[in-house]
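Contents: one structure, followed by commentary.
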2 protein chains.
Amino acid sequence: MRRDSRLSRMLHVLIHMDRIDGAATSDQIAQMLGTNPVVVRRTMAGLRDDGYVHSEKGHGGGWVLTRPLSEITMLDIHRAIGNPAFFAVGVAVDHPECLVEQAVNSALGSAFEAAEKLLIEKFASVTLADLADEFDQRMAKIANKPTCELSR
Amino acid sequence: MRRDSRLSRMLHVLIHMDRIDGAATSDQIAQMLGTNPVVVRRTMAGLRDDGYVHSEKGHGGGWVLTRPLSEITMLDIHRAIGNPAFFAVGVAVDHPECLVEQAVNSALGSAFEAAEKLLIEKFASVTLADLADEFDQRMAKIANKPTCELSR
DNA sequence: GGAATTCGAAACTTTTGTTGTTGCGAGATG
DNA sequence: CATCTCGCAACAACAAAAGTTTCGAATTCC
């Protein structure tokens, strides 16, 4: 089962966007992610609708952050890209009346619930500013350059 | 992203198998799951290789449990069906050298690690006998019949 | 021994969801 | 008014999982 990496990618992009002047075009972002601009627009549309970025058309247009990184959590971005399911494993509902299935699904479900709760708490507790700080610390340690298209 | 329900289904099947006499054929199990016998064999093959069930060919053949339910945990079955990834969301590795990506993936990764640890602990702590007990309790409460093909 | 049953395995097809592509329109800039 | 850029919809390509077909081999029943 393929993993959805949009959250990781969007977080990555947003932090870079915070460090550059002006707008980042869908094309630039697409190059950075090794994909194409339409896919970028599709994903960024969610962030725009939720008010984290703004898009401008025409010369010099593109995407810009509309909030400080300190006011955006990882959970916010997860929601903004459509709240995709965290889990690749789920319960089967072949026989909803079957008491065996119910017992199995109850145990599985409570495990997934607890894990999801943990994930959500963690995601909600980390802002993009925290991630940027973490980046700065790594940067200070190895005195090297970050190397993505957007940061050049 | 579609969810993998094999774990749920296999747990369900194994508990029913424990309650019936003799072997359950791939055909019977397939009917119960609304699928076909080849898929059942594919999945059961993992359980056989890990020693939880045994298969017999010919008349009266099929699948039988080779251990008491109390000696099989939910985690065992998860492993037996190939240890499928728990998470549908993952980190992107577009720029492994990029310190921003590293910071993002470190935060995401630690959240997933903690959630996975929780899941594994929970799965390892629940035996199929526990699930069967849970079933019995539900049964006692509503004084009704479980209703799957295998239990008739 | 022969017919029927059942699993084992490989090859192939179908299905489903995601991603990528194309094309056109609309707004903004120079 | 030419160019850049996003918005959107339709379509194509791709990948992963599930389903199907078709063998073969082992077992049981008669």
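Just so it is clear: chains get the letters A, B, ... in the order the sequence lines come, proteins before strands, and each one is counted from 1.
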Is the shortest side-chain heavy-atom distance between [X] and [Y] below 4.5 Å?
{"X": "B:Gln102", "Y": "B:His95", "answer": "no"}
{"X": "A:Ile77", "Y": "A:Leu47", "answer": "yes"}
{"X": "A:Gln28", "Y": "A:Thr25", "answer": "yes"}

Salt bridge check, [Y] against [X]: does any charged N sit closer than 4.0 Å to a carboxylate O?
{"X": "B:Asp94", "Y": "A:Arg9", "answer": "yes"}
{"X": "A:Glu113", "Y": "A:Lys117", "answer": "no"}
{"X": "A:Asp136", "Y": "A:Arg19", "answer": "yes"}

Legend entry - Residue-level proximity of residues 75-91 of chain A to DNA chain D when a heavy atom falls under 4.0 Å: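 Close to the strand, none.
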Inset, instruction - Over all heavy atoms of both residues, which pair between A:Leu128 and A:Thr73 is shortest? Give the atoms and the distance, please. - result: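 Nearest pair, atom of A:Leu128 first, then A:Thr73: CD2-C, 4.2 Å.
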Inset, instruction - Classify the angle between the aromatic ring planes of B:Phe112 and B:Phe87 as parallel (below 30°), tilted (30 to 60°) or perpendicular (above 60°). - result: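 Aromatic pair B:Phe112/B:Phe87 classed tilted.
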Inset, instruction - Please report, rounded to the nearest Å, how far the P atom of D:dC6 is from the CE atom of A:Met44. - result: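 Distance check: A:Met44 CE to D:dC6 P gives 9 Å.
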Inset, instruction - Using distance alone, with no hydrogens and no angle criterion, decide if A:Trp63 and A:Ser26 have a side-chain donor and acceptor under 3.5 Å apart. - result: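 A pair is found: one side chain offers a donor N or O, the other an acceptor, under 3.5 Å apart.
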Inset, instruction - Say whether A:Leu118 and B:Val91 are linked into one hydrophobic cluster, either directly or through other cluster members, by side-chain heavy-atom distances under 4.5 angstrom. - result: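 Each belongs to a different hydrophobic cluster.
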Inset, instruction - Mind running a 4.0 Å heavy-atom check of residues 53-66 of chain B against DNA chain C and sending the residues that fall below it, in number order? - result: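 Heavy-atom contacts with DNA chain C come from B:Ser55, B:Glu56, B:Lys57, B:Gly58, B:His59, B:Gly60, B:Gly61, B:Gly62, B:Trp63.
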Inset, instruction - Please determine if a side-chain N or O atom of A:Ser26 lies less than 4.0 Å away from the OP1 or OP2 oxygen of D:dC6. - result: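 Result: yes.
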Inset, instruction - If a protein heavy atom is under 4.0 Å from the base, mark B; if only from the sugar-phosphate, S; if neither, -; do that for nucleotides 17-24 of chain C going 5' to 3'. - result: SSSBBB--
